[in-house]
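FYI, side chains are in, hydrogens and waters are out, and symmetry mates aren't considered; it's all heavy atoms of this structure.
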Amino acid sequence: MKNNKISGAEAVIRCLLEEGVDLVYGYPGGAIMPVYDELYKFKDELHHVLVRHEQGATHAAQGYARATGKVGVAIATSGPGATNLVTGIADAQIDSTPLVCITGQVGKHLLGSDAFQETDIIGISTPVTKWNYQVTEAHEIPEIIARAFYIAKSGRPGPVLIDITKNAQFDELEFSYKKCTSIRSYNPKPTLNLEKLQEAADLINSAKKPYILFGQGIILGEAEAELKALVEKSGIPAAWTLLGLSALPTDHPLNVGMLGMHGNYGPNLLTNECDVLIALGMRFDDRVTGNLATYAKQAKVIHFEIDPSEIDKNVKTDVAILADVKESLQALLPLIESKTHDSWHNEFKKKYKIEFDSVIKEELTPTNGGISMGETIEMINKHSKGDAIMVSDVGQHQMFTCRYSKFNSSKSNITSGGLGTMGFALPAAIGAKMGMPDREVVAIIGDGGFQMTIQELGTIFQTKVPVKIVVLNNEFLGMVRQWQELFFDSRYASTVMTNPNFIAIAEGYHIKSRKVTKREELDGAVAEMLASKESYFLEVMVEKENNVFPMIPTGASVSDMRLS
C-alpha cells in the first residue's frame, strides 16, 4: 500500500506554499535542520535568503511585509537563533507588521531539561507577539501554521511565532491543509456601528476647525483612496504620523505635514486649536501627543480604530468608531458635506511660512558650513521624483528623511517607529527590494545604526539584490548627542563615533561605493547611485553637530514646540 504520509518538516514547507509564500529569510542550525533539508528540496518553489544574523531575518521580513502588504516569514534554530529574532519581533509587534516566525526546538522529551540550545522562546516572546504556540506533535503543524497566517494578517496585524520541536519535524503525518478563516473568541474585524458613524459625521459637518490625523492604519487597511476622497470632499487639513507617511501623496494640497516630536510646526501647534480632531488608524503615541494633560483639550475627538484596546487608552474620545477603517470611511463619505475651510487652511500656511523661514530653508539649501542631512534627502527627491521606497534607520537621519522625503504612492516610507530599532534599515531595505523588485529602494542610515547590522552587506553580496545604501556620517550618535547638547550642557557622554573605513568595507563585499565630502559632489553622486542597476553604497559626510528642529521637548505640550 502506498504511504501518503510526509514528515513534519515537509509539512512546514507545504503549508508555506499553500499560503502563497515564495520568499523566506533565515539562518539554519541543529534544531531546525529537518526544515532546511526540505527547503533544499523545494528551492525552486520557495526561495530562502540566508541572512548573516537572525535579527536581519526579522527586519528583512518586516521590510518585505511593509512594502508588499503580505506576511513576512523568518526561520531560525533554537536557543540563540530564536532569541536573536526577538528584537525584530518586538519591532513588528509595536508597528503592527504581519510576520510568521518559525523556530526549531529541542525534542519533546528534552523540554525543560536545559538541553543544548534549549531556550523557552514561548515564554520570552509572549509579551512581543500577537500569538505564539509550541508544536510538539507533527499532526499539529498544518492547523497551527494556518492559524498563524490568519492571526498575523487579520484585524490589527502583528507577529506570530511557532516553535516546533525536532521530533515533530521528523515524525510523519497524513497531510492536508485548510486555510484558517475564523477562530472562536477572536474577532479581528468589529462590526461597524452606523449610529456612532452618524454622530461622527454630525460633528465633522458642524466643525469650524476640523483636523484629520492619519496613521499607518490607513495603509494596513488599504484605505488610501478613501482617505483622499474624505479630505477632498470635506476640505479638512490632514497630518500624518511617522508610519502614516505616504498614505496621502506628500504634495497633496490638503496634506499639511508631519506630527510628532520633530514634525512640522503648524500640524503640532494647531492640534490645540482645532475644534474636532479626527484620528484615523493612529494610536495617539506619546511622540505625537506630548503632554497628555494639555493635548487637544478644546476639541471633540473622533477615533477610527480597529483595535479596541487603543480606544481611550491615551486620549479620551467623544465618538469611537471601532471598525475596519476602509469600511468605515466608505460608509462615512456619503454623510460628509462638501466644504473648503479656507481660513483654517490659512492658519497652517502661516505656520509653515514661519517654519520655512526659521528651519527648512537653511536645512535644504545651506548657505554655509558642511553638507546637511536635509539637503541630501532633497537631492534624492530630485533624482527619484518621489517614486522611491525610502527605508530609514533610527536617529536624526530618520527624522530628516521623514520630514523631507517626497512620496507619490503608498507603502513608500519604511522605518522603525514604536520600538526605534537602530540597525533596522539595512536588512529591511533588502526585504523591501525583494518584495518590490521594480521599485527603487534607498536605505538612509546613520553611522551608528549602520554598524549594528553591517554584516547584512554579505546578504546583499550573495543575493545581488540591488539596494541603494546611503550612510549619513556625522561621526556621532546624532540624536543622543542633540539631547546631550540641549538638556545635558553639551556633555557628549559616549556619543562620539570613531568609525572604520566604510568604503573599504563595502568594497570588500564587492559593492560599488563612493564617498562625498563636498557639496558640489553630492548631485552627481546621487545621480550615479540611482542610475546604477546594481547595489550601491554612498557615504555622505554631513555636519557633525547639525540638530533636528522643530522639536517638542520630552514632557512638553505640542504648543511648546521649539524652532531652535
Side-chain angles (χ1 to χ4, degrees), residues 21-26 47-53 55-74 88 91-92 95-100 153 157 159 216 219-220 222 224 242-247 377 380 384 386-394 397-398 401-402 405-417 419 421-445 449-450 452-453 456-457 459-471 511 529-530 532-538:
V21 176
D22 57 7
L23 182 64
V24 299
Y25 298 90
H47 180 50
H48 176 269
V49 177
L50 175 65
V51 294
R52 296 306 185 263
H53 188 284
Q55 182 181 342
T58 41
H59 291 329
Q62 284 179 277
Y64 174 89
R66 295 268 291 275
T68 64
K70 300 176 183 178
V71 177
V73 180
D91 194 287
D95 283 353
S96 304
T97 305
L99 294 187
V100 169
K153 192 72 170 72
Q216 190 189 199
I219 297 171
L220 295 172
E222 299 180 344
E224 295 92 343
L242 190 71
L243 299 186
L245 173 56
S246 84
I377 302 303
I380 293 171
S384 72
D387 292 328
I389 294 175
M390 302 288 280
V391 185
S392 53
D393 212 78
V394 173
H397 63 279
Q398 176 189 35
T401 300
C402 293
S405 289
K406 302 296 183 186
F407 296 116
N408 301 322
S409 57
S410 186
K411 298 186 180 72
S412 296
N413 173 58
I414 298 175
T415 193
S416 173
L419 197 65
T421 305
M422 291 176 68
F424 171 88
L426 185 59
I430 293 170
K433 182 63 179 179
M434 288 182 168
M436 301 296 289
D438 294 332
R439 294 195 64 187
E440 194 72 75
V441 174
V442 182
I444 308 292
I445 316 176
F450 182 53
M452 288 197 170
T453 51
E456 298 308 330
L457 291 175
T459 305
I460 294 171
F461 173 45
Q462 184 165 344
T463 61
K464 308 302 180 189
V465 59
V467 296
K468 309 301 166 58
I469 307 153
V470 180
V471 167
I511 296 171
M529 175 184 74
L530 293 178
S532 174
K533 301 299 182 185
E534 300 176 349
S535 56
Y536 193 107
F537 175 80
L538 177 63

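- The shortest distance between side-chain heavy atoms of M390 and I380 falls below 4.5 Å.
- Here the side chains of M436 and I389 are in contact, with some heavy-atom distance below 4.5 Å.
- The closest side-chain heavy-atom distance from T421 to Q55 is below 4.5 Å.
- The minimum heavy-atom distance between I430 and Y25, with the atom names listed, is O-OH, 4.1 Å.
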Going through the distances and angles, do V470 and F537 end up as a side-chain contact (heavy atoms from CB on, under 4.5 Å)?
-> CA-CA 6 Å; V470 180; F537 175 80; over 6 Å; no
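- Considering all non-hydrogen atoms of both residues, A425 and I445 come closest at CB-CG1, 3.8 Å.
- Minimum heavy-atom separation, S392 to C402: OG-SG, 4.2 Å.
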Test log, rule side-chain hydrogen bond (donor to acceptor under 3.5 Å, both in side chains), inputs T459 and E456 = CA-CA 5 Å; T459 305; E456 298 308 330; 2.6 Å; yes
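- Among the candidates R66, K153, K70, Q62, the single residue satisfying the side-chain contact (heavy atoms from CB on, under 4.5 Å) test with P98 is K153.
- Side-chain N or O atoms of S412 include one that pairs as donor or acceptor with a backbone N or O of S409 at under 3.5 Å.
- With a 4.5 Å cut-off on side-chain heavy atoms, H53 and M452 do not count as touching.
- Looking at heavy atoms from C-beta onward, H59 lies out of side-chain contact with V51 at the 4.5 angstrom threshold.
- With respect to the salt-bridge test (charged N to carboxylate O, under 4.0 angstrom), the residues E440 and K468 qualify.
- A443 and A429 make their closest contact through CB-CB, 3.8 Å (heavy atoms, listed as atom of the first residue, atom of the second, distance).
- By the 4.5 Å heavy-atom criterion applied to side chains, N413 and V391 are not counted as neighbours.
- Nearest heavy-atom pair across I444 and H397 is O-CD2, 3.3 Å.
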Just do the side-chain contact (heavy atoms from CB on, under 4.5 Å) check on K411 and I219 with the steps written out, would you?
-> CA-CA 7 Å; K411 298 186 180 72; I219 297 171; 3.8 Å; yes
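- Using a 4.5 Å heavy-atom cutoff, the side chains of I469 and L457 are in contact.
- Between S246 atom OG and E224 atom CD the span is 7.5 Å, to the nearest 0.5 Å.
- Side-chain contact between S96 and L220 is present, with heavy atoms from C-beta onward closer than 4.5 Å.
- Across every non-hydrogen atom of G449 and M422, the tightest pair is N-CE, 3.4 Å.
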Kindly indicate, with the supporting measurements, whether the criterion side-chain hydrogen bond (donor to acceptor under 3.5 Å, both in side chains) is fulfilled by D393 and Q398.
-> CA-CA 6 Å; D393 212 78; Q398 176 189 35; over 6 Å; no
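- Y64 pairs in a side-chain contact (heavy atoms from CB on, under 4.5 Å) with only one of the listed residues (L23, L99, V49), which is L23.
- No donor-acceptor distance shorter than 3.5 angstrom exists from the side chain of T415 to the backbone of G417, with no hydrogens or angles considered.
- Here the OG1 atom belonging to T97 is positioned 7.0 Å from the CG atom belonging to D91, to the nearest 0.5 angstrom.
- A distance-only check finds no donor-acceptor pair linking the side chain of S532 to the backbone of M529 [under 3.5 Å].
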